[in-house]
Amino acid sequence: MKRPILLHPDPRLKKVCAPVPDLSDELRRLADDMLETMYNAPGIGLAAPQVGMMDRLIVLDCVKEEGETPRPLIMFNPEVVAASDEMNTYEEGCLSIPDQYADVTRPREVDVTWIDRDGNAQRETFDGLWATCVQHEIDHLNGKLFIDYLGPMKRQMITRKMVKLKRDRARG
Ligand code: K1U
Ligand code: ZN
């Protein structure tokens, strides 16, 4: 089932999410719903707070080429446990901040640990777009948005545009 995606500014997007103590059918259903919501958007990642759930859960699939095999990843309690000194700049977007893009610089390579859908511990090194995306999604779990990396003027300009977009959408 698709779920509505919250738009910035929203206090739920600024909160730190709670670790998931134990997997349950309800949490697995939430993860499956988030993947469906992400593919439908379309996007390459989604974090639980973007659908109003305050659990440390993200989903991602950075396989963008049509015809390539998709690689949906579900990560409970993801953690960056190592990061490269080398940095990479990527023009990021966010499904909670539609049509706004900005360059963000982050470590080029990260080692991430997480619990998968079956409850197994996983660890993997990510680079390129996967590294950018997983860091962007983990930031969401800590109440941080990509615009928080920008200067105050640019961030304020984007926030004002989003307030207007939300007002226009509410008026219908
Ligand atoms: O977290 C989100 O809001 C999802 C976001 C993830 C992201 C994008 C770019 C850099 C870092 C993280 C998106 O998926 S925005 C949409 C997007 O990037 C995209 C959509 C369709 C095809 C390819 C990319
Ligand atoms: Zn985002």
Side-chain angles (χ1 to χ4, degrees), residues 1-20 26-68 70-78 80 87-107 126 128-172:
M1 183 188 79
K2 264 192 304 154
R3 303 196 183 203
I5 297 175
L6 299 180
L7 293 182
H8 167 72
D10 185 298
R12 289 167 287 185
L13 294 173
K14 300 305 299 172
K15 293 220 166 91
V16 176
C17 295
V20 172
E26 196 185 337
L27 279 166
R28 286 191 189 90
R29 202 167 314 119
L30 170 61
D32 295 341
D33 285 356
M34 284 170 56
L35 273 177
E36 188 181 338
T37 305
M38 178 194 83
Y39 283 125
N40 179 263
I44 54 172
L46 194 68
Q50 293 181 279
V51 293
M53 303 302 290
M54 297 299 128
D55 303 296
R56 295 192 81 81
L57 163 63
I58 63 172
V59 298
L60 59 158
D61 184 349
C62 297
V63 175
K64 286 202 293 188
E65 300 306 320
E66 245 179 67
E68 258 189 70
R71 191 185 179 218
L73 287 181
I74 291 172
M75 298 183 175
F76 293 98
N77 300 334
V80 173
M87 305 295 276
N88 183 41
T89 300
Y90 192 88
E91 191 180 51
E92 297 193 14
C94 181
L95 296 174
S96 295
I97 311 176
D99 302 324
Q100 304 300 320
Y101 303 91
D103 281 351
V104 178
T105 300
R106 302 179 186 271
F126 293 98
L129 181 56
W130 285 90
T132 295
C133 187
V134 76
Q135 291 175 81
H136 175 117
E137 300 311 331
I138 292 173
D139 272 354
H140 272 299
L141 304 182
N142 295 320
K144 189 161 181 171
L145 301 172
F146 82 92
I147 56 169
D148 294 326
Y149 290 92
L150 311 180
M153 297 287 278
K154 188 105 197 273
R155 187 166 59 241
Q156 206 174 73
M157 192 187 73
I158 291 176
T159 298
R160 286 205 181 114
K161 281 186 188 165
M162 292 303 304
V163 169
K164 185 174 180 312
L165 176 77
K166 285 180 80 170
R167 205 172 44 222
D168 291 348
R169 284 195 184 177
R171 283 185 183 144

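The figures here come from the full heavy-atom set of this structure, side chains too, leaving out hydrogens, waters and symmetry mates. What you see is a predicted model, and the numbers here were worked out from it, not measured in a lab.
- Both cation-pi conditions hold for K144 and Y149: the charged atom is under 6.0 angstrom from the six-membered ring centre and inside a 45 degree cone around its axis.
- The heavy-atom pair separating P98 from R169 by the smallest distance is CG-NH2, 4.3 Å.
- We find the CD1-CZ distance between I158 and R160 to be 12.0 Å, quoted to the nearest 0.5 Å.
- Contact check on D32 versus R28 returns no salt bridge, with no Lys/Arg side-chain nitrogen under 4.0 Å from an Asp/Glu carboxylate oxygen.
- Rounded to the nearest 0.5 angstrom, I147 CD1 and M162 CE are separated by 8.5 Å.
- In terms of heavy-atom proximity, A102 sits nearest to K154 at CB-NZ, 3.9 Å.
- Contact of the R56 side chain with the P19 side chain is registered, since non-hydrogen atoms from C-beta on lie closer than 4.5 Å.
- Remark: the backbone N or O of L7 is paired with a side-chain donor or acceptor of K166 at under 3.5 angstrom.
- Applying side-chain hydrogen bond (donor to acceptor under 3.5 Å, both in side chains) to T89 and the options T105, T132, D103 leaves one that passes, T105.
- Taking 4.5 Å as the limit, every side-chain heavy atom of L73 sits out of range of all side-chain heavy atoms of I58.
- With rounding to the nearest 0.5 Å, the separation of CD1 in I138 from SG in C133 is 10.0 Å.
- Within the 3.5 Å criterion, the main-chain N or O of P49 finds no donor-acceptor partner in the side chain of R12.
- When all heavy atoms of F146 and Y101 are compared, the closest pair comes out as CE1-C, 4.3 Å.
- H136 places none of its side-chain heavy atoms less than 4.5 Å from the side chain of D139.
- Looking only at distances, no side-chain donor or acceptor of Q50 sits under 3.5 Å from a matching main-chain atom of I5.
- Screening Q100, H8, K164 for a side-chain hydrogen bond (donor to acceptor under 3.5 Å, both in side chains) with T159, the sole residue that qualifies is H8.
- Judged by distance alone, with hydrogens and angles left aside, the side-chain atoms of D168 form no donor-acceptor pair with the main-chain N or O of L165 at under 3.5 Å.
- Contact of the R3 side chain with the L30 side chain is registered, since non-hydrogen atoms from C-beta on lie closer than 4.5 Å.
- Put simply, CE on M53 and CG on L27 are 7.5 Å apart, with the number rounded to the nearest 0.5 Å.
- To the nearest 0.5 Å, the span separating CG on L57 from CE on M75 amounts to 10.5 Å.
- Pairing each heavy atom of N142 with each of V16, the nearest pair is O-CG2, 4.0 Å.
- Taken from CG in L95 to OG1 in T37, the straight-line distance is 10.0 Å, to the nearest 0.5 Å.
- Exactly one residue among V63, L60, L129 makes a side chain to side chain contact (heavy atoms under 4.5 Å, CB included) with I44. That residue is L129.
- Other residues, nucleotides and ligands contribute over 12 non-hydrogen atoms within 6.0 Å of the CE atom of M1.
- A salt bridge between K14 and D148 is present, with a side-chain N of the basic residue lying under 4.0 Å from a carboxylate O of the acidic one.
- More than 12 heavy atoms of other residues, nucleotides or ligands lie within 6.0 Å of CD in E68, so this atom counts as buried by the packing criterion.
- Here the side chain of D61 pairs a donor or acceptor atom with the backbone of R71 at under 3.5 angstrom.
- Contact between Y39 and P70 at its shortest, heavy atoms only, is OH-CB, 4.2 Å.
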